[in-house]
Amino acid sequence: MDSYVSLSDENSPLLVDFHLPVSSSFAPHQSKIFMSVRRSLTNCQIVTIFCNIPSRFITDYNVDYEAEMTATLIILGCVGCFGYYLYYQFISRRRGYPNGPIPLPVIGNLHQIDFDAPHVTMANWKKIYGPVFTVWLPKANVVIADYSTLKEALIKQGDTFAGRYIGFVYGIFTRHAIDGTGIILSQKAGWQAQRRFSLHVFRNFGMGSNLMERKVMHQTWILIDHIKHEMNNNKSQVMNLELAISLCVGNIIHDLIMGRGFEYGDPKFTHFKHLIDSTLKQVASPQLLFIDTYPWLRFIIPGALGLTEYSKNGFAIQDFFLNEIEDHKKVLKLDSAPEDYIDCYLLEMARRRKAGEDMKHYDERTLAINVGDLWTGGMETTLTTLRWGILYLIRYPEVQAKVYREIRSELGTTPVCMADKARMPYMSATLNEIQRIINILPWNIQHSTLKDTVLSGHKIRQGTTIMAQIAAVHVDPDIFPEPFEFRPQRFLDKSGQLIKIEEFNPFGLGKRSCLGESLARMELFLIFTTLMQHFRFACVPGQVPTLKPIVGMTTVPRPYDCVVSLRNDNGH
Ligand code: HEM
């Protein structure tokens, strides 16, 4: 039968009464070590204060020096390990990185970041630590937060900073290939091949020229007709324009990549958009940043903090594109003229195969990933900027009135074309200001260094994750006074002409800058001008839509309704 030793102490309010078996299950020797540990702890004054360890039972035992020694070693070992852990977390791991806010063990600086406006947090840290500093998310990111240093890194040292950070969460869809796959999440030779090929295709399709302009205008007219149809002969109507604008922008990119579009009301489009929205929202969530740093957590936490859903949605998008590629293969003839991006890629693969050229960077999965990159890169950013644009002009009706006055004087009721842009500085300034204030990619997409280098006096090692904070520059009050005020005139000179502000770079800088910039600029100008030419947008009485965003990878407005009114030929 077991007998028990009581370790309780009636004088010790902090200790609950508990019993230790001292027979077979608890050997006397172990018990002595245990007691010795406690004795040693008791002798340590600080521990005594905190633990309020009873001394009565210690006197119950004769000192066993062997156990005492073991106990002391255990304590020293624990203290040593803990000391090393603190040294590693607060000193050692930060060596080799520029200074920055002190990271906590496990979570780094996550707790200090305003996830509604991460670029504002970065801009504030720049004031304390200078333009180059390290933030732990919970992995180390070297942040570059001022324009001249961004230029030094991304332009002067463009090749060194052209790598891409491909962590565990990003890498899921590229099968953790060491240098990634596709255009956005890849680096080195694979990235160069995909980017060069894609730019070539876009150029051939007339990105930035008339053919593309015609495609954009075609979808814009469908959008205008759709809104008028929804207004049902009323002069004004309360509407939520999100889906209609999504379909317009989505069909432009869809047409370019797959040679066709969706019909209004097609549930496949709504589902597809939902998959993209949720993937982009989740990828920059604190939960997935956590999993990115500690991927083993996915084996412990059910659902892995959203990772399961993120992967499921992402692979569903990829499967959709793989099916499209299969459909294209069925009808594509090797001697036919390509009609879209997928055709071009399949024909290039066939040509290379026939010519015995290197196929290393060309396969159908890479094509599916490229298509996904163009789709998400091309759709979400542009659509969201347009939604913000309408929202800001609802909140600033005086800006809307000026925009419309310029449209009336320069275009009247004639359809807009790209050549009109030079004559419409107020419209350009308004679009610039919308892009500046919303900062659609508040984290940007992280780069990585491809070799050891020095940036503004800081040694940066090869493989360091770099956050090029163009968004922090956009809220720098030295460049944009009162940066949180919406003020299109900051982009105009005294005579009302558009001025170029060098520090304004919503499409990024250098070798990894946005591949779709000219298409995006065209879409923003043509779609926005046409919408403003045909409709007036206003708040629903009693409902002022908020400017507070939902932030993930992109900054998205909260869903809003607005009153859409037809403009009449008299200019009202
Ligand atoms: C308002 C619209 C847009 C904005 C603000 C925008 C902004 C950006 C930014 C900031 C980057 C990252 C730059 C960097 O890594 O430093 C980027 C990359 C990229 N964008 Fe855009 N973008 C827009 C529209 C588009 C469109 C329409 C397309 C495609 C047709 C597109 C395709 C891409 C691709 C493929 C990349 C990756 C480039 C690379 O890694 O080499 N974007 N974009």
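We're numbering straight along the sequence, starting at 1. Just so it is clear, the values below take in all heavy atoms, side chains as well, and ignore hydrogens, waters and symmetry mates. All ligand and atom numbering here is 1-based and tracks the order in the structure.
Taking distance alone, with nitrogen or oxygen atoms compared against 3.5 Å, Arg512 approaches ligand 1 more closely than that limit. Considering backbone and side-chain atoms together, Glu523 places no N or O closer than 3.5 Å to any N or O of ligand 1. Checked by distance only, ligand 1 and His447 come closer than 3.5 Å through their nitrogen or oxygen atoms.
Residues Thr121 and Phe115 form no side-chain contact, since every pair of their non-hydrogen atoms from C-beta on lies 4.5 Å or further apart. Side chains of Asp146 and Lys126 form a contact here, defined as non-hydrogen atoms less than 4.5 Å apart.
At distances below 3.5 Å, at least one donor-acceptor pair connects side-chain atoms of Asn439 with backbone N or O atoms of Arg436. Not a single donor-acceptor pair under 3.5 Å links the side chain of Asp225 to the backbone N or O of Ile222.
A side-chain donor from one of His254 and Trp375 sits under 3.5 Å from a side-chain acceptor of the other.
The closest approach between Met379 and ligand 1 stays at or above 4.0 Å for every heavy atom of the residue. Distances from ligand 1 to the non-hydrogen atoms of Arg164 include at least one value under 4.0 Å. For the ligand labelled ligand 1, residue Ala468 lies outside the 4.0 Å heavy-atom shell. Heavy atoms of Gln435 approach ligand 1 to within less than 4.0 angstrom.
With atom 25 (C) of ligand 1 as the reference point, the heavy atom nearest to it among Ala471, Gly377, Ala520, Ser513 is part of Gly377. With atom 39 (C) of ligand 1 as the reference point, the heavy atom nearest to it among Arg195, Gln187, Met522, Met467 is part of Arg195. Counting only non-hydrogen atoms, the option in Gly372, Pro506, Gly378, Gly182 that gets closest to atom 27 (C) of ligand 1 is Gly378. Comparing heavy-atom distances from atom 17 (C) of ligand 1 across Ser518, Gly508, Cys514, Ser198 singles out Cys514 as nearest.
In this pair, Phe173 and Tyr310 present their aromatic rings tilted. The plane angle is within the 30 to 60° band. Between Phe320 and Phe272, the ring planes lie tilted relative to each other; the angle falls in the 30° to 60° range. Using a 30° and 60° split on the angle between ring planes, Phe486 and Tyr396 fall in the tilted class, from 30° to 60°.
For ligand 1, the atoms sitting less than 4.0 Å from at least one non-hydrogen atom of Ile445 are 12 (C), 15 (O), numbered in the order shown with element in parentheses. Those atoms of ligand 1 that come under 4.0 Å of a heavy atom in Trp191, given as number and element, are 39 (C), 40 (O), 41 (O). Atoms of ligand 1 found under 4.0 Å from any heavy atom of Thr385 (numbered from 1 in listed order, with element): 1 (C). Applying the 4.0 Å criterion to heavy atoms of Ile440 picks out, from ligand 1, the atoms 5 (C).
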Exercise for review: Kindly indicate, with the supporting measurements, whether the criterion ring pair (Phe, Tyr, Trp, His ring centres under 6.0 Å) is fulfilled by Tyr404 and Phe537.
Suggested key: CA-CA 11 Å; Tyr404 186 61; Phe537 300 92; over 10 Å; no
Point to revise | Worked check of ring pair (Phe, Tyr, Trp, His ring centres under 6.0 Å) between Tyr97 and His458 | key: CA-CA 8 Å; Tyr97 288 105; His458 298 278; over 10 Å; no
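Of all the heavy atoms of Leu509, none lies under 4.0 Å from any atom of ligand 1, so neither backbone nor side chain is involved. For Leu256, no heavy-atom contact with ligand 1 is shorter than 4.0 Å.
Residue Leu515 comes nearest to Ser198 through the heavy atom pair CD1-CB, 4.2 Å, listed as atom of the first residue, atom of the second, then distance.
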